[in-house]
Asks: 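I'd like to ask you about the structure that follows.
In this chain, residues are counted from 1 in sequence order.
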Amino acid sequence: MNSEFQIIRWGIPGWLFFLTVLVFKLTEKGFSIISMANSFSSPGVLAGLTALFVASGVPIGYIIYQIYFAFKWTIMKRKTVMRAVEDIEGFKGAGGSEQGLELWNKVEMHFDKMMSIDTEKKQVSYKDLVRRYEYFSNRTSRIHGLGASTLAMTSGFLFFFLTMNNRASLLDNGTFLTVFSVFLLCLGSVVYNYFLQNKISFVQLNEIMKTILEAEDKKEEKKKKEDEGDED
């Protein structure tokens with residue numbers, strides 16, 4: 001992954017955090033951007049805050065990603081991770097007590113062994129396996145993006161709510177209630193897609209390992225050809 005794309009990837013959760021705060025702040029002003037802009041002492045202050053928004057999105061997004069990863073592996077259930085190695089012979093850890101990241105590291109090491117050692121003994125297309133693994137990696141990147149976005153949207157709303165002076169007035173604000181309803185719909189869609197894609201990703205990796213495991217052994221294939229040649 002090139003550095004430019006990585007910066008954008010880190011920046012999106014940070015910018016999404018600020019955007020969530022901004023949208024809910026606008027509900028207090030009836031979505032009057034001009035009125036909100038006039039609340040600043042000078043145009044220079046507004047321009048400075050805009051520049052701060054763009055610049056600080058990347059470091060804040062990076063922090064959000066780290067919190068997301070820590071939270072993800074804390075709540076990740078063992079049975080979810082084990083989907084990746086279901087019916088995979090030779091995996092050491094199937095009967096262990098590892099959880100979360102510790103278990104996932106074992107899964108990754110086993111997959112690496114299968115890709116680097118087992119494929120040499122099998123009649124299987126290594127190029128095709130790499131293509132399928134790249135597709136798996138792209139899916140996991142999208143999953144992490146969804147997870148970080150969920151955290152960014154949630155924390156953005158909490159920041160707005162906790163820093164508001166008169167929270168009781170929100171119940172009488174029709175604009176806020178409408179925006180909040182749309183926000184919950186968007187947040188729910190992101191969360192649903194996250195869990196759906198996360199489940200599929202483990203199954204996807206499992207299918208790649210099964211392809212390697214079930215491929216015919218090169219020695220057996222060679223012996224079969226030799227036997228057929230002797231019969232002729």
Asks: In the single-linkage hydrophobic clustering (I, L, V, M, F, W, Y; side-chain heavy atoms under 4.5 Å), do Met153 and Tyr192 co-cluster?
Replies: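 No; tracing contacts between hydrophobic side chains, which count when under 4.5 Å, never links both residues.
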Asks: Check Gly156 against Thr20 and note the closest heavy-atom contact, atom names and distance.
Replies: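 Result for this residue pair: C-CG2, 3.9 Å.
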Asks: Has Asn173 got a side-chain atom pairing as donor or acceptor with Thr27's backbone, closer than 3.5 angstrom?
Replies: yes
Asks: How about Trp104 and Phe111: are their ring centres within less than 6.0 Å of each other?
Replies: no
Asks: Can you get from Leu162 to Phe176 by hopping between Ile, Leu, Val, Met, Phe, Trp and Tyr side chains that sit under 4.5 Å apart?
Replies: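 Same cluster: Leu162 reaches Phe176 through Ile, Leu, Val, Met, Phe, Trp or Tyr contacts under 4.5 Å.
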Asks: Are Met164 and Phe157 grouped together when hydrophobic residues (ILVMFWY) are joined by side-chain heavy atoms under 4.5 angstrom apart?
Replies: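 Yes, same cluster.
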Asks: Nearest 0.5 Å, please: how far is CD in Glu102 from CE in Met76?
Replies: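 Those atoms lie 15.0 Å apart.
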Asks: Would you find a donor on one side and an acceptor on the other, under 3.5 Å apart, between the side chain of Lys113 and the backbone of Asp118?
Replies: no
Asks: How many angstroms lie between atom NZ of Lys122 and atom CG of Asp217, to the nearest 0.5 angstrom?
Replies: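 Going from NZ on Lys122 over to CG on Asp217, the span is 5.5 Å.
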Asks: Hey, are the side chains of Trp10 and Ile60 touching, using non-hydrogen atoms and a 4.5 Å cut-off?
Replies: no
Asks: As an exercise, state the distance from OG1 of Thr119 to CG of Leu129, rounded to the nearest 0.5 Å.
Replies: 7.0 Å
Asks: Would you mind reporting whether Val85 and Lys106 have side-chain heavy atoms less than 4.5 Å apart?
Replies: no
Asks: Is there a path from Met114 to Tyr126 through hydrophobic residues (I, L, V, M, F, W, Y) whose side chains come within less than 4.5 Å of each other?
Replies: yes
Asks: Please work out which of the three classes, parallel, tilted or perpendicular, describes the rings of Phe160 and Phe24, given edges at 30° and 60°.
Replies: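 Answer is parallel, since the angle falls under 30°.
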Asks: Look at the side-chain heavy atoms of Ile, Leu, Val, Met, Phe, Trp and Tyr, link any pair under 4.5 Å apart, and say whether Ile63 and Leu151 land in one connected group.
Replies: yes
Asks: Could you check whether Phe136 and Tyr133 have their ring centres less than 6.0 Å apart?
Replies: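 Centroid separation for Tyr133 and Phe136: below 6.0 Å.
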Asks: May I ask you to check whether over 12 heavy atoms, not counting those of Phe183, lie within 6.0 Å of atom CZ?
Replies: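 Atom CZ in Phe183 is packed in, count exceeds 12.
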Asks: Starting at CG of Leu177, measure out to CG of Leu170 and round the result to the nearest 0.5 Å.
Replies: 8.0 Å
Asks: Which heavy-atom pair separates Gln99 from Arg78 by the least distance, and what is that distance?
Replies: OE1-CB, 3.4 Å
Asks: For residues Thr163 and Lys25, determine if any side-chain heavy atom of one lies less than 4.5 Å from a side-chain heavy atom of the other.
Replies: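 A side-chain contact exists here, since the closest heavy-atom pair is under 4.5 Å.
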Asks: Quick check against the 3.5 Å criterion: does Arg139 have a side-chain atom that pairs as donor or acceptor with the backbone of Gln197?
Replies: no
Asks: Kindly indicate whether the side chain of Ile64, heavy atoms from C-beta on, has any atom under 4.5 Å from the side chain of Leu16.
Replies: no
Asks: Can a donor-acceptor pair be found between the side chains of Tyr68 and His144 at a distance below 3.5 Å?
Replies: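 Note: Tyr68 and His144 side chains meet the donor-acceptor criterion.
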Asks: Is there a side-chain contact (heavy atoms from CB on, under 4.5 Å) between Phe202 and Glu86? Walk through the geometry before answering.
Replies: CA-CA 10 Å; Phe202 289 105; Glu86 186 175 347; over 6 Å; no
Asks: Taking the side chain as everything from C-beta on, heavy atoms only, tell me whether Val130 gets closer than 4.5 Å to Met115.
Replies: yes
Asks: Surrounding NZ of Lys210 (heavy atoms of other residues, nucleotides or ligands, distance under 6.0 Å), is the total greater than 12?
Replies: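 Check passes, neighbour count above 12.
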Asks: Between the side chains of Arg9 and Ser141, is a donor N or O closer than 3.5 angstrom to an acceptor N or O?
Replies: no
Asks: Roughly how far apart are Asn198 CG and Ile143 CD1, rounded to 0.5 Å?
Replies: 5.0 Å
Asks: How long is the span from the NZ atom in Lys77 to the CZ atom in Arg83, to the nearest 0.5 Å?
Replies: 9.5 Å
Asks: Of all heavy-atom pairs between Tyr65 and Pro13, which one has the smallest distance, and what is that distance?
Replies: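 Nearest pair, atom of Tyr65 first, then Pro13: CE1-CG, 3.5 Å.
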Asks: Check Ser155 against Ala152 and note the closest heavy-atom contact, atom names and distance.
Replies: OG-O, 3.1 Å
Asks: So, do Arg142 and Asn138 sit near enough that their side-chain heavy atoms are less than 4.5 Å apart?
Replies: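 When only atoms from C-beta onward are counted, Asn138 and Arg142 do touch, with a gap below 4.5 Å.
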Asks: Please check if atom CZ in Phe69 has more than 12 non-hydrogen atoms from other residues, nucleotides or ligands closer than 6.0 Å.
Replies: yes
